[in-house]
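Okay, so here's the structure we're looking at.
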Amino acid sequence: MYKKILLSLGITLLVSTLFALSLTAVLGFWHAFMLAFVGQLVICYFVNDYMLLKATNERERILNTRLAYLEQNVTTFECPCGKNIFEEAVYVNDTNVFTCGKCNQVIKADLTVTPIIVTQPLLSTTLLDIPEITDLE
C-alpha cells in the first residue's frame with residue numbers, strides 16, 4: 001500500500017520537475033513546479049471522482065438486475081389457516097419455510113417440477129378438412 005503511494009508521489013514529483021524545468025524561463029522554476037503539481041492533483045481528483053461514479057453506477061446496475069431476477073420468483077399463496085396471504089420468493093430445489101404472522105405456524109412450500117413430453121399429432125387435419133358425407137356419394 002505504501003509502495004503504491006510512494007510510487008505515485010514520486011511520479012508526480014518527477015513530472016512536476018520536468019514541467020518546471022521546461023518552463024523555467026517563462027514562469028520560473030518554483031512557480032512552474034507548483035502549477036504542474038497542483039494541476040496533477042486537480043486532474044487526479046476529477047479522474048478519480050469520475051471512476052468512482054462509474055463504478056458506483058455499475059454496482060447499482062448489477063444490484064438492480066439481481067433484484068429483478070429475484071422478483072421473478074415472488075409468488076402469492078395462502079396460509080392453510082386462511083387468515084394470511086404470503087407474497088414471498090419461492091425457489092425450486094430449496095427449502096421454502098415461512099412462519100404465519102396470524103397463527104404462528106411454520107409453513108413449508110414445496111415446488112415440484114414435472115417433465116411433460118410434448119408430442120405432435122401424426123395427422124394435422126381438422127374437422128374443416130374432413131369431407132362431408134354428401135361429397136362421398
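Start at 1 with the first residue, then count along the sequence. The structure displayed is predicted, hence computed values, not measured ones.
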- prompt: Say you draw a straight line from CH2 of W30 to OG1 of T24; how long is it, rounded to the nearest 0.5 Å?
  reply: 10.5 Å
field: Reported CD1-to-OG distance for the pair I11 and S16, which is rounded to 0.5 angstrom
entry: 11.5 Å
- prompt: Under a 4.5 Å side-chain heavy-atom rule over Ile, Leu, Val, Met, Phe, Trp and Tyr, are V26 and L35 clustered together?
  reply: yes
message: Applying side chain to side chain contact (heavy atoms under 4.5 Å, CB included) to F29 and L21, what does each step give before you reach the verdict?
response: CA-CA 6 Å; F29 179 79; L21 287 174; 3.9 Å; yes
query: Same cluster for V90 and I85 if Ile/Leu/Val/Met/Phe/Trp/Tyr side chains link at under 4.5 Å?
result: no
- prompt: Atom CG in N84, atom CZ in F77: separation rounded to 0.5 Å?
  reply: 9.0 Å
task: Check the angle between the aromatic planes of F33 and F37 and answer parallel, tilted or perpendicular using the 30° and 60° thresholds.
output: parallel
- prompt: Can you name the nearest heavy-atom pair linking C79 to I107, along with the distance?
  reply: SG-CD1, 3.4 Å
- prompt: Does some side-chain heavy atom of Y45 sit less than 4.5 Å from a side-chain heavy atom of L41?
  reply: no
task: Measure the NZ-OG1 distance between K54 and T56 for me, rounded to the nearest 0.5 Å.
output: 12.0 Å
field: Straight-line distance of I62 CD1 to E60 CD, nearest 0.5 Å
entry: 11.0 Å
query: Can you check whether A109's main-chain N or O pairs, donor with acceptor, with N96's side chain at less than 3.5 Å?
result: yes
- request: Find the distance between CG (N48) and CD1 (I43) and round it off to the nearest 0.5 Å.
  value: 13.5 Å
message: Count I, L, V, M, F, W, Y as connected when their side-chain heavy atoms are under 4.5 Å apart, and connections chain through other members. Are L13 and M34 then in the same cluster?
response: yes
message: Treating S8 as the side-chain partner and I5 as the backbone partner, does any N or O pair qualify as donor plus acceptor under 3.5 Å?
response: no
